[in-house]
Structure formats: C-alpha cells, structure tokens
Amino acid sequence: MSSKKKTTILDYIKKKSFQRFSLFFIVAFVFLIFSKLSNDYKQTIKLNVRFSDLDDEILIKKDTTNYIQAYVETKGFSLMPFMFDNSVELTINARTDVTQTSKYFIFDVFKHKYLIERQLGNSFDVISLIPDTLLIPYAKRASKIVPIKFQNDINYSVGYDLKGKFILATDSVKVVGSQIEVSEINAIVTEKLVLKDVKTNIENTVVLDISNFKDVEVFPKSVDVTGRVARFTEGVIEVPITVVNQPNNVSINYFPKTVTLSYYVDLDQYNTIKTSDFKVECDYSEIEDHQTFLIPKVVKSSEFVKHVKIKQKQIDFIEL
C-alpha cells in the first residue's frame, strides 16, 4: 500500500515538472521569435503594377516584365505577410503617374519612389528599385456611345399602372471592342425586367444584355430603372372628327361627326381631362377604290392618359 502511494506521488511530481518545463520552453520560444522578428532584415519584394483611372478602351497587354523589384529593409514583423508570397500590388494612376505613347505607358520608377514608399508603408525603407523605368505595353480598342433600350414585361395589379415613363439613371452606354463589331452596334438592350402584380413604385437594377456580341464590353454594365406607379381609372369622352387630305374638288358628308374615346388615366388627373386634349383625324388619301368609309385615328392625346381606344372603327361617308 505504501509503495503504491510513493509511486503515485512520484508520478505526480514528474508530471508537474514536465508541465513546468513545457511552459518555460514555450515562453522561451515565444521570446526568441519576438526577438528575431524585432531585428532588421533586407528582402526583395515584387511590386505587381495595377492601374487606376484607366480608360475603358485601354487593354493592358500581359507581359512578364510588368513589375518592379523593390529591395527593402524592415522589421521581421513587417515581412511576415511575405512568408509565402513575396509580391504586393502597386497601384498607379493612368492619368497622372505615367507618360502615355501610342503603344506604351512609361512609368518613371525613381521619380515615383515616394509613391512606392507610401503604398508599402512607413515600416519599409526602400534601398533600391529595379528597373529605373517601366515600359507597360497596351492596346486601344474601338469605342462609341449608344442608347439603351429598356425591355420589360410588367403586369400591374387591377386599377394600377405606370404614371409617365420609366426613368433610366443613364440613357446611353459606352461599348468597347473590335472596330468591326463596335461599328455595327446601334443600341444596347437591357435584360427583360419581369414583374407581376405591381402596385408600388418600381425601383430596380437591370443588367445590359451583350450576349449577342462576342468580344464587346459595356460601361456601365447595368442601369437603375425607376417608375412611378399610381391608381388609374377609365374615362370616356366624345371627340369631333377632322377629315384631312380631302381634294378641293371633292365634297363629302360623313357620319357620325364625333367618336367616343375610352382611355386610362390616373386618379389625380381624372378631372383635368378635356375634349381639346384629343384630336381624331380621318385621312381621305388612304381611301381605296370603291371604299365607302373612313378610318378614324387618334393623332393627339393628353400626356396623362394611356391605352386610348376608339369605339367606332369606321366612319361612313358619301360623295356629294
């Protein structure tokens, strides 16, 4: 019994000693790492060039020399992010930081040493930079501005409709691509906006559809669309008929002299609609041989109404 107790106590002491040793070892190792990381080190960092404020038409060519080697000195802590990848992105403004020729952007590396130091951070001391001048090749694509055509399939709730017109955040876009393809584009359509049972204002973003073009980009790639939705009701009004293009040597009598128009109007404007807001014409020059009727057409209507229909499809006439 006594022997078993001694063995247990000995095991306990050994266990506690091992734990203390492990703790001291870890603490010592951590201090060693911190000590090493606090030292100054020199290392070469690869600066991969990226452009900002670049024109949409410009296409930077892939070139293995589009980078700068920066030989720097810094604390070990600052180099930890470069343990597995010694490259970092350097942003250059295409309008202010380079000289542009017909084929190259020319970046004066030494002249812009301050720019490199600022992006690397205050903990880095730049010792040298290679090369002293960077030539970055590019190609320029064709471009032009074309209008946007908004496509939609919107179903409104009963008694509701669009008031006015849809408003696009921009009515045109820039298309960029090959000269041949760009020259053939006269408009860009949106993907169809499909909405059902709408009775509130419309606020959506639609993507521009370039699926029919192989090597074309558009800027911007989407557009915001808004539309005001309001309560609508049907109205009915009598409007006189006017006959146009009637020869001077021809006299006719036609009946009826007025037509009934039905229309859709938002409730706020219902009481403002007048007969003078509409104009209905029959074009005598459109009469075919032996035809005894005229076709009435609405050639003018109020800006507040939509879906105008004429109840009488034909106007009978006789020559006098």
Side-chain angles (χ1 to χ4, degrees), residues 146-173 186-206 208-209 222-246 252-288 291-317:
V146 297
I148 296 173
K149 290 186 177 180
F150 174 51
Q151 295 189 115
N152 69 87
D153 180 10
I154 299 177
N155 175 264
Y156 298 91
S157 294
V158 176
Y160 289 85
D161 210 320
L162 179 70
K163 184 173 182 178
K165 298 179 179 180
F166 286 108
I167 299 174
L168 303 182
T170 178
D171 61 358
S172 59
V173 292
N186 297 314
I188 292 292
V189 300
T190 66
E191 291 185 353
K192 186 174 289 186
L193 176 63
V194 179
L195 300 173
K196 301 296 182 184
D197 199 31
V198 175
K199 55 184 176 182
T200 59
N201 291 338
I202 296 169
E203 295 181 1
N204 290 81
T205 299
V206 288
L208 298 174
D209 184 6
S222 61
V223 62
D224 293 333
V225 179
T226 57
R228 186 179 175 188
V229 176
R231 292 292 295 266
F232 274 68
T233 189
E234 187 178 54
V236 177
I237 198 167
E238 288 287 324
V239 179
I241 299 170
T242 302
V243 178
V244 297
N245 295 321
Q246 180 180 336
I252 64 171
N253 187 21
Y254 57 89
F255 183 84
K257 296 292 191 294
T258 63
V259 290
T260 302
L261 300 184
S262 63
Y263 56 86
Y264 216 35
V265 61
D266 73 272
L267 289 176
D268 293 340
Q269 302 296 332
Y270 180 78
N271 293 323
T272 67
I273 304 302
K274 325 181 279 296
T275 299
S276 59
D277 293 330
F278 301 88
K279 188 174 183 180
V280 176
E281 291 180 350
C282 292
D283 192 341
Y284 187 89
S285 65
E286 294 180 351
I287 298 176
E288 298 180 358
Q291 184 175 309
T292 59
F293 58 87
L294 300 164
I295 305 297
K297 298 178 182 178
V298 179
V299 296
K300 174 191 170 186
S301 66
S302 169
E303 62 178 315
F304 302 114
V305 306
K306 53 176 55 183
H307 310 313
V308 181
K309 294 181 181 179
I310 303 176
K311 291 195 174 181
Q312 294 88 347
K313 302 300 181 185
Q314 298 180 355
I315 305 299
D316 296 323
F317 79 93

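All residue numbers in this chain count up from 1 along the given sequence. Just the heavy atoms: all of them, side chains too, but no hydrogens, waters or symmetry mates, feed the values below.
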Using modelled atom types and a 3.5 Å cut-off, is there a donor and acceptor pairing between side-chain atoms of K163 and backbone atoms of F304?
no
Under 3.5 Å, is there a donor-acceptor pair between the side chain of S302 and the main chain of D277?
no
Give, for atom CZ of R231 and atom CG of D266, the distance between the pair rounded to the nearest 0.5 Å.
11.5 Å
Using a strict 4.0 Å threshold on nitrogen-to-oxygen distance, state whether K309 and E234 make a salt bridge.
no
What's the separation between atom CD in E203 and atom CG in D224, rounded to the nearest 0.5 Å?
9.0 Å
Do the side chains of V236 and T260 get nearer than 4.5 Å, heavy atoms only?
yes
Check whether any side-chain heavy atom of P256 lies under 4.5 Å from a side-chain heavy atom of I315, and answer yes or no.
yes
Is there side-chain contact between F150 and V206, with heavy atoms separated by less than 4.5 Å?
yes
Are D153 and K192 ion-paired here, with the side-chain N under 4.0 Å from a carboxylate O?
no
K196 atom NZ, over 12 foreign heavy atoms within 6.0 Å
yes
V173 and V146, any side-chain heavy atoms less than 4.5 Å apart
yes
Measure the CD1-OG distance between I237 and S301 for me, rounded to the nearest 0.5 Å.
11.5 Å
Determine the minimum heavy-atom distance between Q291 and F317, stating which atoms define it.
O-CZ, 3.4 Å
Mind checking the OG1-NZ spacing from T242 to K297? Nearest 0.5 Å is all I need.
14.5 Å
Side chains of V194 and I154 in contact at under 4.5 Å (non-hydrogen atoms)
no
Step-by-step side-chain hydrogen bond (donor to acceptor under 3.5 Å, both in side chains) determination, E238 to T258:
CA-CA 6 Å; E238 288 287 324; T258 63; 3.0 Å; yes
Centres of the Y263 and F278 rings: under 6.0 Å?
yes
So which atom in V223 and which in A169 form the shortest heavy-atom distance, rounded to 0.1 Å?
CG2-N, 3.8 Å
In sequence, state the C-alpha distance, the side-chain angles, and the governing distance for D161 and K306, and then conclude on salt bridge (Lys or Arg N to Asp or Glu O under 4.0 Å).
CA-CA 9 Å; D161 210 320; K306 53 176 55 183; 3.3 Å; yes
Within a strict 4.5 Å, meaning less than it, do heavy atoms of the Y156 and V229 side chains meet?
yes
Would you check if the side chain of Y270 reaches a backbone N or O of F232 as a donor-acceptor pair within less than 3.5 Å?
no
Exceeds 12 heavy-atom contacts within 6.0 angstrom, atom OH of Y160
yes
side-chain contact (heavy atoms from CB on, under 4.5 Å) between I148 and L208: does it pass, once the steps are laid out?
CA-CA 8 Å; I148 296 173; L208 298 174; 4.0 Å; yes
If I take atom CG from residue D283 and atom CD from residue Q246, how far apart are they, to the nearest 0.5 angstrom?
11.0 Å
Let me confirm one number: the OG1-CG distance from T190 to N204, rounded to the nearest 0.5 Å.
11.0 Å
Could you walk me through whether D316 and F293 satisfy the side-chain contact (heavy atoms from CB on, under 4.5 Å) test, starting with their C-alpha distance in whole Å, then the side-chain angles of each, then the deciding distance to 0.1 Å, before giving a yes or no?
CA-CA 4 Å; D316 296 323; F293 58 87; 3.9 Å; yes
Do L195 and I202 have side chains that approach each other closer than 4.5 Å (heavy atoms only, starting at C-beta)?
yes
Of the non-hydrogen atoms in R228 and N201, which two are nearest, and what is the gap between them?
CA-OD1, 3.4 Å
Quick one: closest heavy-atom pair of I188 and D209, and the distance?
CG2-O, 4.1 Å
Shortest non-hydrogen pair, I241 vs Y254, comes out as O-OH, 3.3 Å
Of all heavy-atom pairs between P296 and V280, which one has the smallest distance, and what is that distance?
CB-CG1, 3.9 Å
Over 12 foreign heavy atoms within 6.0 Å of NZ, K257
yes
